[in-house]
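These numbers were taken from a predicted model, which means no experiment stands behind them.
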Amino acid sequence: MKASRKTSTAILKRVHAGCIAIAALCAGPALAYDSWVEDHVAASYDYLLIKGPAAGRTVSIAAADPAAADAAKGKSTFDSKCALCHSMGAGDKIGPDLKGVTQRHADQWLTGWLLETDRMQKTDPDGKALLAKYKTPMPNLGLKPAEVRELLKFLHWSDHNGLAKN
């Protein structure tokens, strides 16, 4: 009787471990499915979902406004090219926290900074001050003018709504 109990326990442990492995493998596709559903609904009803964390949860904002579409593209650019060195409301990282940056600098200055970072760090007083404070030069990201416009729309949107933090 004891031998069969040990065998049953060993089998149950293996089945349990297998269930955990299957659940772990299925979690990624399940999360991707949620994203796919959101994207599908947004496309079907001519909405755009702009996501940003707020109070520890993700907030989705639906908007039919074309400017919101540019802001969402700008958020994507921020996430892929800026978020490593900059936060939006979570404090300085390698570079400054960008919360409120559209209130500290004019769009013309920000556009020049994003398109010609190298030159502005050498010639612009604000650029020189940023370099002196953070000690690490910002690389020229090679952004196109359209990407800069979208990024500025996102920065304005974030400053206005206060939801984007990372």
Side-chain angles (χ1 to χ4, degrees), residues 24-25 27-43 46-166:
L25 291 172
L31 294 173
Y33 176 77
D34 285 344
S35 177
W36 178 83
V37 170
E38 288 176 350
D39 293 343
H40 177 70
V41 169
D46 197 27
Y47 280 90
L48 183 68
L49 296 175
I50 301 173
K51 298 178 184 179
R57 67 186 193 286
T58 298
V59 175
S60 296
I61 300 168
D65 181 4
D70 286 344
K73 289 177 185 174
K75 168 92 168 88
S76 177
T77 300
F78 179 86
D79 289 342
S80 66
K81 296 190 176 190
C82 309
L84 180 65
C85 299
H86 300 281
S87 77
M88 293 291 293
D92 291 350
K93 287 180 156 182
I94 295 170
D97 183 340
L98 295 181
K99 180 180 180 184
V101 72
T102 60
Q103 295 155 1
R104 293 191 302 269
H105 296 285
D107 283 359
Q108 183 178 2
W109 188 90
L110 290 168
T111 300
W113 178 257
L114 292 168
L115 291 174
E116 299 179 328
T117 311
D118 305 342
R119 181 186 63 78
M120 288 190 69
Q121 288 177 109
K122 294 175 185 171
T123 62
D124 183 76
D126 289 342
K128 288 178 179 181
L130 286 169
L131 181 58
K133 181 176 181 180
Y134 293 97
K135 309 287 189 244
T136 302
M138 180 171 152
N140 188 325
L141 300 174
L143 297 171
K144 296 177 175 73
E147 290 175 304
V148 170
R149 280 191 300 277
E150 294 161 355
L151 190 53
L152 287 177
K153 294 233 186 225
F154 166 67
L155 293 171
H156 279 285
W157 179 88
S158 180
D159 286 346
H160 179 70
N161 294 293
L163 294 176
K165 289 185 180 182
N166 61 339

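- Heavy atoms of other residues, nucleotides or ligands lying less than 6.0 angstrom from CD of Q108 number 12 at most.
- Residue K144 holds its NZ atom at 12.5 Å from CZ of R149, rounded to the nearest 0.5 Å.
- To the nearest 0.5 Å, atom NE2 of residue H86 and atom CD1 of residue I94 are 8.5 Å apart.
- Note that OG1 of T117 and CE of M138 are 4.0 Å apart. Values are rounded to the nearest 0.5 Å.
- Within the 3.5 Å criterion, the main-chain N or O of K73 finds a donor-acceptor partner in the side chain of T77.
- Here the straight-line distance linking atom CG of L84 with atom CG of D79 works out to 12.0 Å at 0.5 Å rounding.
- Heavy atoms only, all atoms of each residue included: C82 and L151 are closest at SG-CD2, 4.1 Å.
- The ring pair (Phe, Tyr, Trp, His ring centres under 6.0 Å) analysis of residues 93-112, with sequence neighbours excluded, yields the pairs H105-W109, W109-W113.
- Looking at K99, its side chain never comes within 3.5 Å of a backbone N or O of S158 through a donor-acceptor pair.
- Among residues at least two apart or in separate chains, salt bridge (charged side-chain N to carboxylate O under 4.0 Å, His left out) pairs with a member in residues 107-126 are E116-R119.
- Under a 3.5 Å cut-off, the side chain of D70 and the backbone N or O of E150 do not form any donor-acceptor pair.
- Legend: residues meeting side chain to side chain donor-acceptor pair (under 3.5 Å) with N140, ordered by chain and number and at least two apart, are absent.
- Residues satisfying the side chain to side chain donor-acceptor pair (under 3.5 Å) test with T102, not counting sequence neighbours, are D159.
- Atoms OG1 and CG, from T111 and L152 in turn, are 4.5 Å apart once rounded to the nearest 0.5 Å.
- Between Y134 and P96, the closest heavy-atom pair is OH-CB, 3.2 Å.
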